[in-house]
There are 2 protein chains.
Amino acid sequence: MRTIIIVEEMNKIKKTKQREAILEILKNTKSHPTADEVYQKVRQKIPRISKGTVYRNLKLLTENKEVMKIDTGGTEGRYDARVENHYHFRCESCGKVFDVDVPVDTELDKKVSQKTGFNITHHVLEFRGFCSDCQKKAIISPSGDKNKEEV
Amino acid sequence: MRTIIIVEEMNKIKKTKQREAILEILKNTKSHPTADEVYQKVRQKIPRISKGTVYRNLKLLTENKEVMKIDTGGTEGRYDARVENHYHFRCESCGKVFDVDVPVDTELDKKVSQKTGFNITHHVLEFRGFCSDCQKKAIISPSGDKNKEEV
DNA sequence: AAGTAAATAGTAATGAGAACTATTATTATA
DNA sequence: TATAATAATAGTTCTCATTACTATTTACTT
Ligand SMILES: [Mn+2]
Ligand SMILES: [Mn+2]
Ligand SMILES: [Zn+2]
Ligand SMILES: [Zn+2]
């Protein structure tokens with residue numbers, strides 16, 4: 001009787017056109033789309049793709065670090081093919097998310113690690129406010145008008 | 001016929017023991033509880049309180065800036081009676097959230113505002129990694145054991 | 001070409017949170 | 001204090017993002 005040690009019993013990941021299409025879409029957009037937005041886009045190429053497939057592959061791609069999930073700001077996750085750590089800005093009016101290209105402060109992680117004793121792997125930084133478009137659109141309503149009433 | 005101008009037709013907020021109990025709980029904890037955790041806690045004082053009441057009041061208190069909602073890190077919102085901006089650390093193993101007391105970099109907001117043209121009101125910063133407890137608990141499994149197999 | 005295991009489409013289930021509604025509690029007023 | 005007005009509650013249903021399930025299809029191995 002021979003003894004065989006199987007060193008690695010790895011799950012083999014098969015290449016599919018669905019997953020490739022999803023990755024391609026994320027590589028070609030800067031808008032940080034939600035799962036549903038990715039779904040709408042990929043349907044143009046693969047009309048019979050199911051939403052479950054989109055979710056499953058977004059998760060897989062995230063686990064494999066081929067894309068990153070932005071989990072800040074409420075309910076919907078957003079996806080980003082730019083996988084190295086970087087910062088974002090989220091408009092509190094329209095909800096759009098933009099890249100903010102200032103250097104990532106890795107020293108801060110070390111500093112806080114020292115101070116707190118936590119093992120810090122990274123940090124997530126999101127700026128909030130109003131984007132250029134929403135600033136333009138903002139209409140200052142005449143003071144009090146809404147709640148004035150004649151009796 | 002007299003003309004009366006009602007300058008302000010304000011929604012009057014009534015004081016309730018439910019809302020006061022919720023606020024009290026948040027003021028007396030540092031653990032950044034979820035809505036459900038607040039619900040479990042407040043039931044000890046008001047057993048017949050409903051979950052909807054907890055959600056509604058957490059929203060109201062957040063709108064009134066008496067508490068703040070932490071909306072980073074996935075699905076569940078967490079609540080914090082410390083309302084001035086400050087940073088957090090989230091353990092990626094147990095999910096606990098801790099305060100990180102380093103000064104908030106408001107200059108960064110100005111800098112990014114200038115650079116991008118966004119009207120930035122604030123930023124949200126969350127450190128990620130493993131808390132002290134989870135570092136201790138971590139057991140390094142003998143290399144490959146899990147996937148070794150005898151045939 | 002045949003065998004296998006992973007991935008898919010389609011559908012059902014889950015779970016956080018919001019909406020709805022009849023009843024109750026709080027505040028204003030006579 | 002009694003009465004009236006209306007905000008808030010309890011309990012329930014609904015919504016919506018995401019995951020789980022399952023029979024069928026597809027990709028890779030031999
Ligand atoms: Mn990005
Ligand atoms: Mn805090
Ligand atoms: Zn905007
Ligand atoms: Zn932990």
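Taking atom NZ of K51(B) as the reference point, atom C1' of dA16(C) lies 8 Å away to the nearest angstrom. The CG-P distance, from L58(A) to dT18(D), rounds to 9 Å in whole Å. Look at CG on N57(B): it is 15 Å from C1' on dA19(C), rounded to the nearest Å. As rounded to whole Å, 7 Å separates atom P of dT8(C) from atom CD1 of I22(A). Note: OH (Y55(A)) to P (dC16(D)) measures 12 Å, nearest angstrom. Atom CD in E63(B) sits roughly 12 Å away from atom P in dA8(D) (whole-Å rounding). Regarding I46(A), its CD1 atom lies at a distance of 13 Å from the P atom of dG10(C), rounded to whole Å. Nucleotide dT15(D) holds its C1' atom 13 Å from the CD atom of E76(A), rounded to whole Å.
If you check distances only, the side chain of K14(A) does reach the base of dA5(C) with a donor-acceptor pair under 3.5 Å.
Positionally, the nearest nucleotide of DNA chain D for I49(B) lies more toward the 5' end than for the other of G77(A) and I49(B).
Nucleic acid contact for K15(A): sugar-phosphate only, since backbone atoms but no base atoms lie under 4.0 Å from a heavy atom of the residue. Across all strands shown, D36(A) has no heavy atoms under 4.0 Å from either base or sugar-phosphate atoms.
Residue R48(B) places at least one side-chain N or O under 4.0 Å from the OP1 or OP2 atom of dG11(D). Between T16(B) and the phosphate of dT26(C), there is no side-chain N or O to OP1/OP2 separation shorter than 4.0 Å. In terms of phosphate contacts, R19(A) brings a side-chain nitrogen or oxygen within less than 4.0 Å of OP1 or OP2 of dA7(C). For the OP1/OP2 pair of dA25(C) and a distance below 4.0 Å, the side-chain nitrogens and oxygens of Q18(B) include no atom meeting the criterion. Taking 4.0 angstrom as the limit, S50(B) places none of its side-chain polar atoms (N or O) nearer than this to OP1 or OP2 of dG11(D).
Ring geometry for Y87(A) against F127(A) counts as perpendicular: the plane angle is over 60°, on a 0 to 90° scale with 30° as the lower cut.
A salt bridge does not link K69(A) with D80(A): every distance from a Lys NZ or Arg NE/NH1/NH2 to an Asp or Glu carboxylate oxygen is 4.0 Å or more.
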